Amino acid sequence: MISIGVLGYGTVGSGVVEVLKTNQESINKKAGQEITIKYVLDLRDFPNDPIQEKIVHDFDVILKDDDVKIVVEVMGGVEPAYTFVKKSLLAGKSVATSNKELVAKHGAELLKIARENNINFLFEASVGGGIPIIRPLNSSLTADEIDEITGILNGTTNYILSKMANEGLEFGEVLKDAQNRGYAERNPEADVEGYDACRKIAILSSLAYGMQVDYEDIYTEGITKITANDIKYAKKIGKSIKLLASSKKIDDQVYAMVAPFLIGDSHPLYSVNNVFNAIFVHGNVLGDAMFYGSGAGKLPTASAVVSDVVDAAKHLNRNIMSFWSSRKLELADISGAKRKFFVRIKKDKETTVNQVLFLFENVQIIEIPELTEEFGFVTPIMTEALYREKADSLKGILNMIRIEE
Ligand code: HSE
């Protein structure tokens, strides 16, 4: 029998308890032994919940109990999660976590401690909710040099953008709905400003490229400026708007960014809607691979956490995770990245179609009959720097969305 301690009885913590209860028999079979929750750490009490008999308020109770071989950290945030996880690993306990802030910031160090102690620091649930992506990158795609990871990595924003597109609603009208469904972070700014997706692409990139990618270095834009009018243009040109998190290796330089993109129906991420996440991976020998599934929510995330518990139980004294060096990977400046840009602009005496044609040359002009005060255009492929330079000389730009082809 293996005893585990769960740190945090919030959405994911209660999901872990539920998953272990629902699938107890098959989970035990797969782990090769019985897995029991011995403690649940939380500041609160839950008097009407059977979990109450396992609730402890002091982390040291879990740390000092040698029966506890696996610690599940589902508290979120860097502290006190980091201190608790580090102490657990140093005490010889494997850790399974869903905490992307923790992994993005301290992953290299925690993986190293786990390796030195012949135990495991596992974090399948930190990216893509219930989608297996960490395990494939760690143990399946090992024959490849990964040169691209592009994903829809945030369920909340994908849900919001899908609902805006389907129902013609404005951003603010759908945010509440996503929060009520339990997809959003405690502070939804982390979702809508792209910070959550940024941490997730930092984790995937660190794992794929074997070096520390600092999330602070990743250019990040959220979806708060996307309007119902942007979506009308997107539909007119047969594209959808998605918050993409990507890192691409081009000529040995890694370009990473998070931003809303217009993508066409031939793009593998075009049809990924609602709370679903998907991650497109390109390897130099594999070619393309796609991972798709439930990207947020209590049970999908808990499913990934429990799969790590099973893996940790099967490999109690053997480290199975690749680790990335704490040496920082210097990202390329995105101003050199090339692409097309979609721009919406106010129509007036100072900004005319002719002026735009003169400045950008081969543009595709897009007009929406009911939007009489503005027009849109798609630029030719150019660098971010050149786009900026030209856009700076135009008055009345309402929005710019990059195009991924
Ligand atoms: N808030 C996150 C999302 C939860 O919406 O994707 C899963 O990490």
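First listed ligand is number 1; within each ligand, the first listed atom is number 1. Any value given below was found using the heavy atoms of this structure, including those in side chains, with hydrogens, waters and symmetry copies removed. All of these numbers come straight from a predicted model, not from anything done at the bench.
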Only heavy atoms of [X], strictly under 4.0 Å: list the atoms of ligand 1 that pass.
{"X": "A296", "answer": "3 (C), 4 (C), 5 (O), 6 (O), 7 (C)"}
{"X": "T156", "answer": "1 (N), 3 (C), 5 (O)"}
{"X": "E185", "answer": "1 (N), 2 (C), 4 (C)"}
{"X": "K100", "answer": "4 (C), 7 (C), 8 (O)"}
{"X": "D191", "answer": "1 (N), 2 (C), 3 (C), 5 (O)"}

Under 3.5 Å, is there a donor on one side chain and an acceptor on the other for D65 and Y39?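 Side chains of D65 and Y39: pair found under 3.5 Å.
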Cation-pi check for Y215 against R199: NZ or CZ below 6.0 Å from the six-membered ring centre and within 45 degrees of the axis, yes or no? yes
Run the numbers on R388 and E384 for salt bridge (charged side-chain N to carboxylate O under 4.0 Å, His left out), then give the verdict. CA-CA 6 Å; R388 262 298 133 234; E384 290 261 350; 5.5 Å; no
Under 3.5 Å: donor-acceptor pair, side chain of D214, backbone of K328: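 No: the side chain of D214 does not pair with the backbone of K328.
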Between the side chain of E374 and the main-chain N/O of L398, is any donor-acceptor distance below 3.5 Å? no
Any N/O pair G155/ligand 1 closer than 3.5 Å: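 Yes, there is a polar N/O contact under 3.5 Å.
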Around atom 7 (C) of ligand 1, find the nearest protein heavy atom and jot down its residue, atom name and distance. K200 NZ, 3.6 Å
Contact with ligand 1 for G295, non-hydrogen, under 4.0 angstrom: yes
Which pair of heavy atoms, one from E109 and one from Y82, lies closest together, and at what distance?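 Minimum heavy-atom separation between E109 and Y82: OE1-OH, 2.6 Å.
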